[in-house]
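No hydrogens, no waters, no symmetry mates; every other heavy atom, side chains included, goes into these values. Along the sequence shown, the residues carry numbers beginning at 1.
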Amino acid sequence: MRYFLGADLGATKTHTLIVDETGWAVGFGESGPGNHETVGYDGMLDAMQTSLECALQTVGVSKAELAGAGFGVAGFDWSSEYEITAKTIERLGLSAPYKFVNDAVPGLVAGSEEGWGVVVVSGTGSNCRGWDREHKREGRVTGHGVLMGEGAGGSELMFRCMQLVGYSWSKRGPETKLADVLIEHAGAKDLEDLLRGYTVNEYQVGPEAAPLVFEMAEQGDRVARELIHWAGTELGEMINGVVRQLDFQELSFDVVMTGSMFKGGELLIAPMRETVLKLAPNARFVRLNASPVVGAVMLGFEAGGMELTPSVRQTIIDTFPVNGKIPVR
């Protein structure tokens, strides 16, 4: 029996999953953050080692029995980071062939029907990546949000939201109930105090406040509704950029949606879909319903030269450990 490894290195946690060649999940491990931008490459290694050792102990196999490994790495954004990322992974002492990608890509592999297409991330931040059918060509944005004019995750939404609240205060824009809920959220005395405190970093209004925008939009607040429409359009334009890079305009492909912002439903998704379908009318929109580490394991199969049949794909998804508990065969 051959075994395959997948690891998802995130900003807050690292998950490692081991499956056998039939796709059945047999080992799972969890540890702390693995993003080198916050913990450094030594911290990245520590997170991988801890999670890997836990998963190996669960299944009772050694590193030498692994036939392929896939890694989704938060913070792996540029080709200039390839060498040091590879060297850090090699310090794990695996003998199996491996692949590593930006952590957005495993969501595409797991969420799309055939493991290719476009993935759009809208959570705390935002990102968009795409792969062609052969996994040879990649399309992407920078993933650096406001700095590069890319939106919109919760951070970008609230950055824009506070601008609009400021417009309301200075009479540059219409009044909005967002002002009242954000005053309460921040613990400010009034709107002027909110803006004062926000501009001097006394009051923090970040992505945690994004659900308030959706609440006000559902209640009919014009500014909130237009703000979410803006965010959806921005996400659609990010997708369109990747579509053009990969020449997907005439193809039928999946757009995998992942991240907490999509809990807002059609208010966000409808303008995004409308923007994309103007360019790529055969695009299909699907929500990611599997853990990203599932996609990393699928990359492990690819790295190990093992065919990933539809049956194996579904088995990996169906047997993913719930609350860290390995399913009984």
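For the residue pair Thr50 / Ser31, no side-chain donor-acceptor distance below 3.5 Å is found, with atom types taken as modelled. Side chains of Thr14 and Glu30: no donor on one and acceptor on the other come within 3.5 Å. Tyr98 and Glu90 form a side-chain donor-acceptor contact under 3.5 Å, judged by distance and modelled atom types alone.
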Point to revise | Intermediate values then yes/no, side-chain contact (heavy atoms from CB on, under 4.5 Å), Ser122 and Met257 | key: CA-CA 8 Å; Ser122 184; Met257 301 175 288; over 6 Å; no
Review point. Which is it for Arg91 and Asp46 under the salt bridge (charged side-chain N to carboxylate O under 4.0 Å, His left out) test, yes or no, and what are the steps along the way?
Key: CA-CA 10 Å; Arg91 290 167 65 188; Asp46 288 342; over 6 Å; no
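Between Phe248 and Trp116, the gap from one ring centroid to the other is short of 6.0 Å. The ring of Tyr82 has its center closer than 6.0 angstrom to the ring center of Phe100.
Scored by the ring-ring contact (aromatic ring centres under 6.0 Å, His included) test, Phe301 finds Phe4 as partners (sequence neighbours excluded).
Both tests pass for Arg140 against the ring of Trp78: distance under 6.0 Å to the centre and angle within 45° of the axis.
In summary, Glu192 and Arg196 do not engage in a salt bridge, as defined by a charged side-chain N under 4.0 Å from a carboxylate O. In summary, Asp180 and Lys177 do not engage in a salt bridge, as defined by a charged side-chain N under 4.0 Å from a carboxylate O. Of the charged side-chain nitrogens involved, none lies within less than 4.0 Å of a carboxylate oxygen, so that Glu218 and Arg225 do not count as a salt-bridged pair. For Glu302 and Lys99, the salt-bridge test passes: some basic side-chain N is under 4.0 Å from an acidic carboxylate O. Between Glu83 and Lys87, at least one side-chain nitrogen of the basic residue sits less than 4.0 Å from a carboxylate oxygen of the acidic one, meeting the salt-bridge criterion.
Note on Met261: it clusters hydrophobically with Val141, by side-chain heavy-atom contacts below 4.5 Å among ILVMFWY residues.
Between Arg222 and Thr176, every side-chain heavy-atom pair lies at or beyond the 4.5 Å cut-off.
Within a 6.0 Å sphere centred on CD of Glu113, heavy atoms belonging to other residues, nucleotides or ligands number 12 at most.
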